[in-house]
2 protein chains.
Amino acid sequence: MPAENSAKKPATAKRDRILDVAEQLFAEHGYDGVTLRQIASGARVDVALASYHFGKKLDLFNAVFERRSAYLNEARHEALRRVQESSGEAGPSVEQIIEAFLRPLELAQETGDDGWRHYLALVAYINNSPYWGRRMMSKMFDNLVNEFIDALRVALPGASDTDLYWCYHNMSGALTLTLADTGRIDALSGGLCSSSDFEAAYDHMIPFMAAGFRELCGSDGSR
Amino acid sequence: MPAENSAKKPATAKRDRILDVAEQLFAEHGYDGVTLRQIASGARVDVALASYHFGKKLDLFNAVFERRSAYLNEARHEALRRVQESSGEAGPSVEQIIEAFLRPLELAQETGDDGWRHYLALVAYINNSPYWGRRMMSKMFDNLVNEFIDALRVALPGASDTDLYWCYHNMSGALTLTLADTGRIDALSGGLCSSSDFEAAYDHMIPFMAAGFRELCGSDGSR
DNA sequence: GCAGCTTTTCAACAGTTGTTGAAAAATCTG
DNA sequence: CAGATTTTTCAACAACTGTTGAAAAGCTGC
């Protein structure tokens with residue numbers, strides 16, 4: 001029987017290996033830079049098995065993208081809810097909101113295996129892919145992103161939506177380059193900064209972005 | 001005679017058309033997402049002509065990347081020199097340095113044709129490509145980037161090099177996403193922000209980034 | 001052990017890929 | 001115009017691509 005459209009297939013060892021290898025290779029070389037035979041070979045499996053489990057090549061790509069996205073959305077949503085509860089009436093600060101947006105990525109990466117790291121690099125690749133990447137990202141993440149924008153609107157009263165979205169755009173770009181893990185900052189800094197050190201990246205990103213938001217969207221009270 | 005290694009070929013109309021079409025297609029679909037036949041077809045030219053002029057497919061890609069890079073480096077270098085001269089003893093401010101880094105991109109885009117826009121999207125694609133992209137970017141731009149880092153070190157006395165490079169990394173990421181022109185901010189903001197409006201993007205990016213640099217690298221005097 | 005599944009492999013397909021050698025057309029030079 | 005050079009096309013190549021139908025292997029309940 002050919003692969004069902006959206007019915008969840010039972011997990012088998014070889015099926016999981018196909019997803020894992022595809023995740024890594026797609027993240028490293030992009031959709032067109034990877035052949036089904038490379039994936040099958042990496043998973044020590046026949047080529048036809050990928051088609052059997054996932055259908056067309058594009059369906060496999062989507063399956064890889066969707067596998068961890070739901071969990072990530074939930075973790076971020078939870079992190080935001082937590083700081084909102086703990087901050088009482090006034091609502092969380094800009095730093096707290098940004099931290100809730102970024103830290104789940106770090107936790108996801110700490111699970112030991114490289115799966116999450118490859119997934120996040122894949123997200124970076126998709127986010128930088130013109131046109132078709134936008135559609136995939138929007139469908140998957142826009143609901144969640146708007147939750148964070150809503151929280152920022154409360155933390156930054158008087159900010160225009162235009163400014164708010166441009167600020168988010170800046171943060172998203174910096175985050176994307178970090179997730180892509182290109183190693184460029186390593187070469188440029190002569191080893192001072194390591195792109196694989198996500199914690200250092202976030203520690204520097206959070207205050208940087210918070211300052212940017214406050215500058216453009218008016219700090220709480222002053223300006 | 002097959003294509004010479006590094007000797008400059010005389011420009012012919014068809015040769016230029018190959019470069020233009022390759023520039024656009026590589027920027028939109030990536031290196032592996034484009035075939036030489038698509039490029040030849042777009043340039044209304046036989047497939048073999050690309051090989052005749054540029055050699056292998058990868059050589060064509062490099063030729064596209066290098067075509068406008070030298071000019072861009074010079075324009076940015078000039079912009080930095082100009083603000084350094086006009087600012088006297090104290091040296092230019094963080095805003096002035098960032099502006100000198102960004103505005104040449106805007107000018108380049110104003111020439112009317114879409115060539116520069118495609119080139120900048122190609123740079124974004126390369127910058128987000130793991131490993132091989134890092135090498136290409138470093139070889140082409142690191143010298144210039146370090147000129148700007150040097151200027152920032154003067155404008156932000158007491159800043160550690162590590163912080164300085166992380167700040168640059170954040171700015172580079174935001175810039176890259178803008179250049180990629182994915183249109184994602186358009187969809188997210190419901191049309192409030194337009195990713196094709198480079199001037200608006202830079203107007204919001206400059207104060208945002210300057211505030212981030214000051215926060216992380218210590219403002220001039222205070223903190 | 002055997003029938004009824006699902007999972008996996010085998011073998012092959014039609015189409016496309018980058019690349020090349022030789023022919024043809026265009027351009028330059030005298 | 002004739003000859004020499006460069007530019008462009010034509011035709012073909014071997015290798016590789018995603019996909020599929022049928023056979024084989026593995027598993028489950030009896």
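Lettering follows sequence order; numbering is per chain, from 1. Computed from a predicted model, the values in this text were never measured in an experiment.
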Find the distance between [atom1] ([X]) and [atom2] ([Y]) and round it off to the nearest 0.5 Å.
X	Y	atom1	atom2	answer
R184(A)	I126(B)	CZ	CD1	11.0 Å
L177(A)	T176(B)	CG	OG1	5.5 Å
I97(A)	E147(A)	CD1	CD	12.0 Å

Indicate the ring-plane relationship of F213(B) and F208(A), choosing parallel, tilted or perpendicular according to the 30° and 60° boundaries. perpendicular
Between [X] ([atom1]) and [N] ([atom2]), how many Å, whole number?
X	N	atom1	atom2	result
H53(A)	dT7(C)	NE2	P	6 Å
R15(A)	dT8(C)	CZ	C1'	14 Å
D32(B)	dT16(C)	CG	P	18 Å

- Query: Is K57(B) close enough and on-axis enough to Y31(B), meaning under 6.0 Å and within 45°, for cation-pi?
  - Reply: yes
Could you run down the sub-3.5 Å N/O contacts of the protein with nucleotides 9-13 of chain D?
from, atom 1, to, atom 2, distance (Å)
dT9(D), OP1, K14(B), NZ, 3.1
dT9(D), OP2, D46(B), N, 3.0
dA12(D), N6, R37(B), NH2, 3.4

Report task. List the steps, then state whether side-chain hydrogen bond (donor to acceptor under 3.5 Å, both in side chains) holds for H204(B) with D163(A). Result -> CA-CA 7 Å; H204(B) 288 85; D163(A) 289 343; 2.9 Å; yes
Assert: residue with more 5' nearest nucleotide on DNA chain D, out of K56(A) and Q38(A), is Q38(A)
dT17(D) OP1/OP2 closer than 4.0 Å to side-chain N/O of K57(A)
no
T35(B) vs dT17(C): side-chain N/O to OP1/OP2 distance below 4.0 Å:
yes
